[in-house]
Asker: 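This is the structure I want to talk about, given as C-alpha cells.
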Amino acid sequence: MSRYKSFVTIEKLTDHIGETVTLNGWVYDKTEKGKLAFIKLRDGSGIVQGVVFRPNVGDEVFGRAQELTQESSVSITGTVRAEQRAPGGVEVDVADIVIHQISRDYPITPKEHGVEFLMEHRHLWLRSTRQHAIMRVRATVIKAIRDFFDGNGFRLMDSPIFTPNACEGTSTLFETDYFDLGKAYLTQSGQLYAEASAMALGRVYTFGPTFRAEKSKTRRHLTEFWMVEPEMAYFDLNDDMDLAEDLVEYIVQTVLETNERELRALERDITKLEKVRRPFHRISYTEAVDWLRANNIKLNRKQADGTEIQIDFPWGEDFGAPQEEAIMTQFEKPCIIHRYPSEVKAFYMKRDPENPKTVLAMDMLAPEGAGEIIGGSQREDNHDALLERLRHENLPEDAFQWYLDLRKFGSVPHSGFGLGVERTVKWITGAEHIREVIPFPRMIYRIVP
RNA sequence: UCCGCAGUAGCUCAGCUGGUUAGAGCAUCUGACUGUUAAUCAGAGGGUCCGGGGUUCAAGUCCCUGCUGCGGAGCCA
C-alpha cells in the first residue's frame with residue numbers, strides 16, 4: 001500500500017465485484033426515468049454507470065441525484081455489480097451521493113461540435129472519452145520510447161532549447177532577446193548537441209519540445225511539438241534504419257498490448273496496427289522517383305507567369321505530401337526512403353560514397369496517409385567535407401566551431417534520427433488532426449488555452 | 001506568403017431568384033415515466049444573421065472592405 005492517497009478507480013472496478021466502493025469523479029452524463037436515475041461517472045481512469053433507484057435510496061439521496069448536472073464533481077458510494085448491458089461490464093448500485101460542486105452550463109454537450117468550438121474549450125475537451133483515450137495512448141507512446149532506449153544501452157542527454165543559431169540553417173525559428181548576447185532562438189532540433197553527446201556517451205537520445213516558426217497550416221503541423229532524437233557513435237545508415245524499424249515496431253506493439261480499450265474507443269482498425277512488424281519496406285529515393293514516373297504521378301510546377309503546369313517528376317526534387325502519399329498507397333507497413341539528393345537535404349548529412357549526388361539520409365513514412373514520422377541520416381564525419389558544406393550553405397562558421405571540433409578530435413562514423421511524437425500518435429490513434437494528440441496544441445493562429 | 005472555403009439561437013446547421021413576424025434538430029428549463037446508453041413524450045424560454053460602408057421601396061441574401069476561423073501548398077517531425 002502506498003503512503004499517498006489511494007482509492008478505487010473505475011479502471012479497476014472488475015476486481016471489486018460485490019464490494020461496496022466509493023468513487024470520486026465527475027458526472028459525464030445523466031438521464032432520469034421516473035424513480036430511476038442513471039449517472040455516468042468518470043474519474044480519469046474510465047467511465048461507469050451508477051444506478052440510483054428512489055425506493056432504495058430514499059428521497060434525500062435521490063434528490064441529490066436529480067440535482068446533478070454534467071461535469072459536477074461528486075463522490076458516489078455503492079455496490080459493484082456485473083452487468084452484461086454495460087459497456088465496461090460493471091455497474092454500481094448507488095447507495096449514497098456526496099456533491100462537491102454543481103457545474104452550471106457546461107459548454108460541451110454530448111452532441112456534435114465543430115473543431116473550432118472544441119479548440120476554444122480545449123481545457124474541457126480533454127475530459128471527453130475520445131480525447132481521454134488519445135492522451136492515454138500518447139502517454140504509452142512516450143513511455144515506450146523511453147523504455148526502448150533505456151533498455152538498449154542509450155542514455156538520455158537533454159539538449160538546450162535556447163540556441164544561438166539555426167541548426168539546419170534553413171527553417172524559420174522563433175527569436176527572442178538573450179541578455180547582452182544578442183538574439184537566441186528556440187531549438188528546431190537537438191541533433192547537433194546529440195552528436196556531441198554521442199561522442200561522450202556512445203549511444204544517447206534527446207527528448208524534448210521543438211519549435212518551428214513556419215506558417216504551416218495543415219493537419220500535420222504544430223509550432224511546438226515533441227521529438228525524440230537518438231544519436232549513435234559507430235552506426236552507419238543501415239544500422240540507423242534497423243534501429244528506426246525496431247523502435248517503431250516496439251512503440252506500436254506496446255500500444256496494442258497496453259491500450260486495447262482506448263483503441264476500441266477510438267474505433268481504430270487494430271488489424272492495420274498488427275501488421276506493423278519488421279521488416280518494413282525500404283526503397284531508395286531513385287527507386288521512388290522511378291515508381292512515380294512509372295505510375296504517372298506528376299509534379300505541379302509553378303511557372304514565372306504564375307500558371308501551374310504538370311511535369312514528370314524530376315530526379316533531384318524533394319517529395320511533397322502528394323508524392324509521399326502516392327508512394328505509400330502500395331504499402332500497409334511503414335516504408336523507409338533512403339539516399340536522397342544532397343541538394344534537398346541538410347548540410348550535415350554524409351555523402352553516399354557510391355553516388356556523391358546523394359546523401360546517406362532516410363525518412364520513414366507511415367501508412368494510411370499518416371506521412372513522415374522519422375527523418376534521419378548518417379552524419380558527415382570528415383572535417384573538411386563538413387566545412388565545405390557549411391560554406392556552401394553560407395552558414396556562420398564561428399557558430400559551428402564546436403560542431404567542427406567533433407570531427408577533429410576522434411571523429412567516427414555516426415548516425416541518428418528524429419521521431420515526431422505527435423505524428424506517431426496521430427498515426428496510431430487515427431486522429432484526423434495533429435492538434436488532437438497534444439494536450440494544448442500551439443498553432444499559428446492559436447495559443448489559448 | 002499564396003490558393004480555396006466559411007462566419008445565422010448555447011451547439012450543429014437550413015434559409016431558393018432580395019419580399020410578411022428568421023427556422024429545424026440538439027442543449028437548457030418545467031412536467032410524465034423502473035433499464036436509459038445521442039432515451040421518449042408534452043410544454044416553455046432563447047437571435048447585434050461576424051464588424052463597417054454601399055446599392056435598393058425592401059438586404060441574412062447583392063457589392064466593397066475589414067476581422068476571425070478552417071483546409072491545402074510550400075517548409076518539415
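All chains are named by letter (A, B, ...) in the order of the sequence lines, taking the proteins before the strands, and each is independently numbered beginning at 1. All values below were derived from every heavy atom in this structure, side-chain atoms included, with hydrogens, water molecules and symmetry-related copies excluded.
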Asker: Among the candidates B:G35, B:C76, B:A77, find the nucleotide nearest to the side-chain atoms of A:Glu83.
Answerer: B:G35
Asker: For A:Glu245, is there an ion pair with A:Arg278 - N to carboxylate O distance below 4.0 angstrom?
Answerer: no
Asker: Where the side chain of A:Gln49 is defined as all heavy atoms beyond and including C-beta, which of B:G74, B:A77, B:G35 is the nearest nucleotide?
Answerer: B:G35
Asker: Consider the side chain of A:Lys35, meaning its heavy atoms from C-beta on, and name the nucleotide among B:A73, B:U37, B:U34 that approaches it most closely.
Answerer: B:U34
Asker: Look at the side chain of A:Lys217 and decide which nucleotide, out of B:U1, B:C70, B:C76, has an atom nearest to it.
Answerer: B:C70
Asker: Just to confirm, is there a sub-4.0 Å distance from OP1 or OP2 of B:C75 to any side-chain nitrogen or oxygen of A:Arg220?
Answerer: no
Asker: Using purine N1 to pyrimidine N3 plus N6-O4 or O6-N4 for Watson-Crick, or N1-O2 and O6-N3 for G-U wobble, each under 3.5 Å, what pairs with B:C16?
Answerer: none
Asker: With a 4.0 Å cutoff (strictly under), does any side-chain N or O of A:His113 reach OP1 or OP2 of B:A27?
Answerer: no
Asker: Can you tell me the pairing partner of B:C70 across any strand shown, Watson-Crick or G-U wobble, with both distances under 3.5 angstrom?
Answerer: B:G4
Asker: Which one, B:U1, B:C75, B:G35, comes nearest to the side chain of A:Glu214?
Answerer: B:C75
Asker: Between B:G35 atom P and A:Glu91 atom CD, what is the distance in whole Å?
Answerer: 13 Å
Asker: If you check every side-chain atom of A:Phe117, which of B:A77, B:G72, B:U12 has the closest atom?
Answerer: B:U12
Asker: What's the shortest heavy-atom distance between A:Pro334 and A:Phe280, and which atoms?
Answerer: O-CB, 3.2 Å
Asker: May I have the distance from A:Phe225 (atom CZ) to B:C75 (atom P), rounded to whole angstrom?
Answerer: 16 Å
Asker: Does OP1 or OP2 of B:G35 have a side-chain N or O of A:Lys33 closer than 4.0 Å?
Answerer: yes
Asker: Can we say A:Glu214 and A:Arg212 salt-bridge, meaning some charged N sits less than 4.0 Å from an Asp/Glu carboxylate O?
Answerer: no
Asker: Could you work out the separation of B:U20 and B:U30 based on their P atoms and round it to a whole Å?
Answerer: 37 Å
Asker: Does a side-chain N-to-carboxylate-O contact under 4.0 Å join A:Glu422 and A:Arg138?
Answerer: yes
Asker: Which nucleotide wins on minimum distance to the side chain of A:Thr109, given the candidates B:C75, B:A27, B:G71?
Answerer: B:A27
Asker: In Watson-Crick or G-U wobble terms, both distances under 3.5 Å, what is the partner of B:C62?
Answerer: B:G54
Asker: What is the base-pairing partner of B:C26, counting Watson-Crick and G-U wobble geometry with both distances under 3.5 Å?
Answerer: B:G10
Asker: Between B:G74, B:A39, B:C76, which one does the side chain of A:Asp29 approach most closely?
Answerer: B:A39
Asker: Can you tell me the distance, in whole Å, between the CD atom of A:Glu32 and the C1' atom of B:C29?
Answerer: 13 Å
Asker: Just how far, in rounded Å, is P of B:A27 from CD of A:Glu71?
Answerer: 17 Å
Asker: Name the closest nucleotide to the A:Pro322 side chain, picking from B:U36, B:G74, B:C76.
Answerer: B:G74
Asker: Just say parallel, tilted or perpendicular for the rings of A:Phe154 and A:Tyr205, cut-offs at 30° and 60°.
Answerer: perpendicular
